[in-house]
Amino acid sequence: MNTRRAALVTAAILACTLSACSSDEPSQGKAERATAAAGAPASQSPDCGPDSGLSQADWMEHCVGEDPAADQAEEQPDTELAVGDTFAYTDGLKVKVDSISTITRFGEYDDRPDADRIPFRVTFSLTNGTKKPYDLDNFGYDAQGATTGGQTESLYVDTGSKQIAGRLAPGRSGTFTSEYSIAKSDGKDVLFTMSRMDDAWLENNDFLGEDPNWTGTIK
């Protein structure tokens with residue numbers, strides 16, 4: 001947690017102590033999970049409706065619990081996301097982690113990790129669904145190992161990257177990257193967390209809710 005975020009949280013907690021902050025499971029937003037399942041195209045999925053014409057055996061095989069992945073997703077907290085999922089904040093901002101990929105190209109001045117570490121890039125998209133420009137410096141993010149834990153190290157890699165900066169206009173989206181390395185012994189699963197530290201985040205007591213995080217495998 002950086003100094004500014006810590007100061008804002010401390011001030012907000014003090015304000016809640018002196019006023020009547022709600023204790024009813026505060027939430028920063030909701031998950032919008034990717035619906036496209038890997039595997040066969042939707043056109044090849046069996047018709048499970050009343051007029052499908054499937055035999056009882058085929059119906060039992062293909063239609064009972066026909067979307068267990070979706071059922072499992074519904075049981076997950078809104079802040080526990082997978083690569084491809086979107087987190088929609090209550091005020092209209094949205095964040096989506098598009099991919100977690102191995103870095104294979106380096107420029108002359110780019111950081112190259114040691115041979116026992118995996119260089120990887122997290123690519124994420126931000127959409128401003130509010131009516132005001134949004135200062136992207138209000139977003140913070142971090143990546144950690146998710147197999148057996150593991151500390152990542154930030155990398156400076158200019159080739160193929162787009163660092164988050166500036167302001168995002170209302171109704172516009174932008175795609176950005178953040179680069180890291182992780183020890184090969186810590187595996188390829190990564191936990192990527194996004195956080196906000198703007199005035200609206202404080203005024204709505206959103207700091208009391210969990211930050212959204214995405215778990216995915218370095219491809």
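Fair warning: this is a prediction, and the values are worked out from it, not measured in the lab.
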Do the ring planes of Y141 and F124 sit parallel (below 30°), tilted (30 to 60°) or perpendicular (above 60°)? tilted

Side-chain heavy-atom pair F139, R196 within 4.5 angstrom cut-off: yes

About how many Å separate CE of M194 and CG of L93, when rounded to the nearest 0.5 Å? 10.0 Å

For T177 and K162, indicate whether the former's side chain and the latter's backbone hold a donor-acceptor pair under 3.5 Å. yes

Nearest 0.5 Å, what's the OG1-CD1 distance between T147 and I182? 7.0 Å

So do S161 and R121 actually touch side chain to side chain, heavy atoms under 4.5 Å? yes

Using side-chain heavy atoms (C-beta onward) and a distance below 4.5 Å, is L81 in contact with R33? yes

With distance as the sole test, does T130 use its side chain to make a donor-acceptor pair with the main-chain N or O of K132 at under 3.5 Å? yes

Kindly compute the distance separating CD (Q144) from OG1 (T193), expressed to the nearest 0.5 Å. 8.0 Å

Taking every heavy atom of P212 against every heavy atom of Q28, the minimum-distance pair comes out as CD-OE1, 4.3 Å

Side chains of P113 and F106 in contact at under 4.5 Å (non-hydrogen atoms): yes

To the nearest 0.5 Å, how far apart are CG in L126 and CG in L136? 6.0 Å

Heavy-atom closest contact (A88 atom, E32 atom, distance): CB-OE2, 3.6 Å

Hey, what do you get for CG (N213) to CG (L191), rounding to the nearest 0.5 Å? 4.5 Å

Given side chains that start at C-beta, do those of V190 and I218 come closer than 4.5 Å, heavy atoms only? yes

Answer with yes or no whether the hydrophobic clustering places L168 together with Y89; edges join I, L, V, M, F, W, Y residues whose side-chain heavy atoms lie under 4.5 Å apart. yes

Any side-chain to backbone donor/acceptor pair from D114 onto D116? Under 3.5 Å, distance only. no

Does any non-hydrogen side-chain atom of N128 lie less than 4.5 Å from one of R172? no

What are the two closest non-hydrogen atoms of P133 and R167, and how far apart are they? CB-CZ, 3.7 Å

According to side chain to side chain donor-acceptor pair (under 3.5 Å), does anything in residues 101-113 pair up with another residue at least two apart or in another chain? List the pairs. D110-T159

Quick check: do P119 and V157 have side-chain heavy atoms less than 4.5 Å from each other? no

Under 3.5 Å, side chain of K184 to main-chain N/O of A115, donor-acceptor pair present? yes

At what distance, to the nearest 0.5 angstrom, does CG of D198 lie from CG of D137? 11.5 Å

Counting N and O atoms only, with roles assigned by atom type, does the side chain of S181 sit under 3.5 Å from a partner on the main chain of R117, one being a donor and the other an acceptor? no

According to a hydrophobic-cluster definition based on side-chain heavy atoms being under 4.5 Å apart (Ile, Leu, Val, Met, Phe, Trp, Tyr only), do Y180 and F176 belong together? yes

Side chain to side chain contact (heavy atoms under 4.5 Å, CB included), paired with V83, selected from T123, T215, D98, I100: I100

Where does the angle between the aromatic ring planes of F87 and W214 fall among parallel (under 30°), tilted (30 to 60°) and perpendicular (over 60°)? perpendicular

